[in-house]
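Structure record follows, encoded as structure tokens.
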Amino acid sequence: MKTIPIVGRQKIAPVKEAPKSDLSHSSQWRLMYRRLKKHKLARISLAILACFYVAALFAQFIAPYGLQSYDSKYVNAPPVKVSFKDADGQFHLRPFVNELKSGRDPVTLRKIFVQDENVRHPVRFFVEGETYRFLGLFSTNIHLFGVDAPGRIFLFGTDGMGRDLLSRVFLGSQVSLSIPLIGVSISFVLGLFIGGVSGYFGGWLDSIIQRSIEIIRSFPTLPLWMALSAAIPARVPIVTMYLYIVIIFAFIGWTELARVARGKFISLKNEEYVLAAKIAGVSDAKIIIRHLLPGFISYLVVATTLAIPGMILGETAMSFLGLGIRSPATSWGVLLQEAQQIENVALYPWKLIPLGFVIVTVLTFNFLGDGLRDAADPYKK
């Protein structure tokens with residue numbers, strides 16, 4: 001009988017387990033955050049929007065002049081150039097602007113402005129100016145930058161009344177950027193509540209709500225704005241007008257989200273985990289909040305983000321048509337009213353600067369919404 005010699009024990013290397021991904025242990029919001037960080041365009045848009053909202057929050061501090069400040073000598077003055085070198089080529093550590101002097105075009109006899117390079121006004125930071133209430137807490141007259149009197153600094157030029165356009169852009173952003181957020185918040189609550197009730201309970205209640213939504217959506221948007229704005233008294237306080245516009249946008253904008261919420265509730269209310277909760281005696285309110293809403297909360301975040309640009313354009317359009325915010329208050333739509341005339345655009349193109357802020361804001365919200373939409377499905381390759 002032959003024996004097989006054992007040369008030696010073979011060592012079997014332990015099988016290494018494949019590293020487990022921590023995706024299964026991460027929450028839904030954590031997964032969305034990780035994917036959003038990889039979306040470069042969304043991150044850039046978020047940074048731009050953060051800068052815009054910080055500037056709107058501190059607009060009175062950043063703006064060198066107030067809403068009521070104007071100078072008839074500088075009507076339709078062009079933007080001034082901030083320089084470090086004077087006419088002799090000498091470099092200055094402190095930036096300065098040259099004095100603006102008015103004259104007449106020898107051909108058209110139109111009033112024009114030229115910069116007097118012999119008169120310089122140094123740009124200073126934390127200068128004294130008009131008094132305002134800082135964040136509504138206390139009164140102060142310190143502004144971020146400016147020049148000493150009698151000099152004037154107009155980085156974006158002036159409008160037809162000699163008011164600084166840069167100051168009005170920053171101060172107008174407080175209205176144009178806040179109305180959409182407030183309006184979308186109200187529309188979000190209304191749409192989610194009404195659409196959720198319609199989809200979850202169904203029956204005759206669903207029919208009544210859907211017919212009401214169809215009636216509201218059947219009205220053309222612009223005539224509906226005009227009708228609702230005409231109902232606002234002409235001489236109401238600015239704050240009251242602001243509140244009315246928010247209500248108008250909320251009244252118009254909730255129907256689309258309500259339709260979406262209804263469809264989601266209908267598709268989810270017959271799932272097994274929802275039926276198990278009903279059998280266990282869980283209340284309807286708890287089922288909606290704890291079981292149904294988390295199923296599509298990511299979609300609601302994306303839909304809300306994409307609805308904000310529509311609100312911004314709506315407020316701008318209403319103010320542009322004279323149906324929204326009116327002087328002496330300001331918004332980006334109010335600033336664009338002077339751009340209605342072609343000659344204003346041709347002769348004073350800087351009056352279109354507020355349009356650039358509207359375009360950038362709308363684009364950044366859309367890009368951020370695209371990033372959130374991709375992040376809402378973190379397992380998508």
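Computed over heavy atoms, backbone and side chain alike; hydrogens, waters and symmetry mates excluded.
- When side chains are defined from C-beta on, Lys278 counts as touching Ile287, because their heavy atoms get closer than 4.5 Å.
- Shown here are the side chain to side chain donor-acceptor pair (under 3.5 Å) partners of Glu128, two or more places apart in sequence or in another chain: there are none.
- Contact record, Tyr74 with Arg152: CE1-CG, 3.7 Å, taken as the closest heavy-atom pair.
- Remark: Asp164 pairs with no residue by the salt bridge (charged side-chain N to carboxylate O under 4.0 Å, His left out) rule, at least two apart or across chains.
- Within the structure, no pair that satisfies the ring-ring contact (aromatic ring centres under 6.0 Å, His included) test touches residues 178-199, not counting sequence neighbours.
- Note: Trp332 and Phe52 have perpendicular aromatic rings, judged against thresholds of 30 and 60 degrees for the angle between ring planes.
- Of all non-hydrogen atoms in Val175 and Pro180, the two that sit nearest each other are O-CD, 4.1 Å.
- Taken from OG1 in Thr330 to CZ in Arg163, the straight-line distance is 7.5 Å, to the nearest 0.5 Å.
- For residues 352-370, every residue pair satisfying the side chain to side chain donor-acceptor pair (under 3.5 Å) rule, not counting sequence neighbours, is listed here: Asp370-Arg373.
- By the rule that hydrophobic residues join a cluster once side-chain heavy atoms approach within less than 4.5 Å of another member, Val54 and Val360 end up as members of one cluster.
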- [ ] Could you walk me through whether Phe84 and His92 pass side chain to side chain contact (heavy atoms under 4.5 Å, CB included), step by step?
- [x] CA-CA 5 Å; Phe84 286 90; His92 298 264; 5.6 Å; no

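- Looking at residues two or more places apart in sequence or on another chain, you find a side chain to side chain donor-acceptor pair (under 3.5 Å) between Arg217 and Thr255.
- Rounded to the nearest 0.5 Å, atoms CG (Asp159) and OG (Ser167) are 10.5 Å apart.
- Inter-residue side-chain proximity for Leu67 and Arg168 is flagged as met; some heavy-atom pair is nearer than 4.5 Å.
- Rounding to the nearest 0.5 angstrom, the gap separating the CG atom in Asp206 from the CZ atom in Arg211 is 7.5 Å.
- Heavy-atom neighbours of Lys73 NZ from other residues, nucleotides or ligands within 6.0 Å: at or below the threshold of 12.
- When hydrophobic clusters are built by joining Ile, Leu, Val, Met, Phe, Trp and Tyr residues whose side-chain heavy atoms come closer than 4.5 Å, directly or via intermediates, Ile216 is grouped together with Ile186.
- Hydrophobic clustering keeps Val114 apart from Val75 (ILVMFWY residues linked when any side-chain heavy atoms are closer than 4.5 Å, directly or through intermediates).
- Of the possible donor and acceptor atoms, none in the side chain of Ser176 sits under 3.5 Å from a partner among the backbone N and O of Ser173.
- Applying the side chain to side chain donor-acceptor pair (under 3.5 Å) rule to pairs touching residues 141-150 yields Arg124-Asp148, sequence neighbours excluded.
- Here the CZ-CZ distance, from Arg43 to Phe367, works out to 14.5 Å after rounding to the nearest 0.5 Å.
- Taking hydrophobic clusters as Ile, Leu, Val, Met, Phe, Trp and Tyr residues chained together by side-chain heavy-atom distances below 4.5 Å, Leu347 does not share a cluster with Met161.
- Closest non-hydrogen pair, Ala77 versus Leu100, comes out as CB-CD1, 4.1 Å.
- Among all heavy-atom pairs drawn from Ala63 and Leu171, the shortest one is CB-CG, 4.4 Å.
- Residues meeting the side-chain contact (heavy atoms from CB on, under 4.5 Å) test with Lys286, sequence neighbours left out: Val282, Ser283, Arg290.
- Residue pairs meeting the side chain to side chain donor-acceptor pair (under 3.5 Å) criterion with at least one member in residues 177-196, sequence neighbours excluded: Ser178-Tyr242.
- A donor-acceptor contact shorter than 3.5 Å links the side chain of Tyr53 to the backbone of Leu177.
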- [ ] Test Leu181 against Ile308 for side chain to side chain contact (heavy atoms under 4.5 Å, CB included), laying out the working first.
- [x] CA-CA 7 Å; Leu181 291 183; Ile308 294 177; 3.6 Å; yes

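- Taken to the nearest 0.5 Å, the CG atom of Leu165 stands 10.0 Å off from the CH2 atom of Trp350.
- Using a 4.5 Å cut-off between side-chain heavy atoms of Ile, Leu, Val, Met, Phe, Trp and Tyr, with links allowed through other members, Val82 and Leu144 fall into the same hydrophobic cluster.
- Across all non-hydrogen atoms, the minimal contact from Leu336 to Pro354 is CD2-CB, 4.1 Å.
- Phe138 and Phe134 have tilted rings, their planes meeting at an angle from 30° to 60° on a 0 to 90° scale.
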Open item on the list: Applying side chain to side chain contact (heavy atoms under 4.5 Å, CB included) to Asn76 and Lys351, what does each step give before you reach the verdict?
Closed with: CA-CA 9 Å; Asn76 295 325; Lys351 293 185 180 181; 2.8 Å; yes

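- Remark: Lys101 pairs with Asp116 by the salt bridge (charged side-chain N to carboxylate O under 4.0 Å, His left out) rule, at least two apart or across chains.
- Note: Leu155 CG to Phe145 CZ = 5.0 Å, rounded to the nearest 0.5 Å.
- Side chains of Lys81 and Asn98: no donor on one and acceptor on the other come within 3.5 Å.
- Looking at every heavy atom in both residues, Leu352 comes nearest to Val345 through CD1-CG1, 3.5 Å.
- Residues Phe96 and Ser83 are in side-chain contact: their nearest non-hydrogen atoms beyond the backbone lie under 4.5 Å apart.
- Applying the side-chain contact (heavy atoms from CB on, under 4.5 Å) criterion to Ile208, with sequence neighbours excluded, gives Trp204, Ser212.
- Between Phe357 and Phe156, the two ring planes are tilted [angle within 30° to 60°].
- Take Tyr65 and apply the side chain to side chain donor-acceptor pair (under 3.5 Å) test, not counting sequence neighbours, and it matches no residue.
- Here Arg259 pairs with Gln210, Ile213, Glu214 under the side-chain contact (heavy atoms from CB on, under 4.5 Å) rule; sequence neighbours left out.
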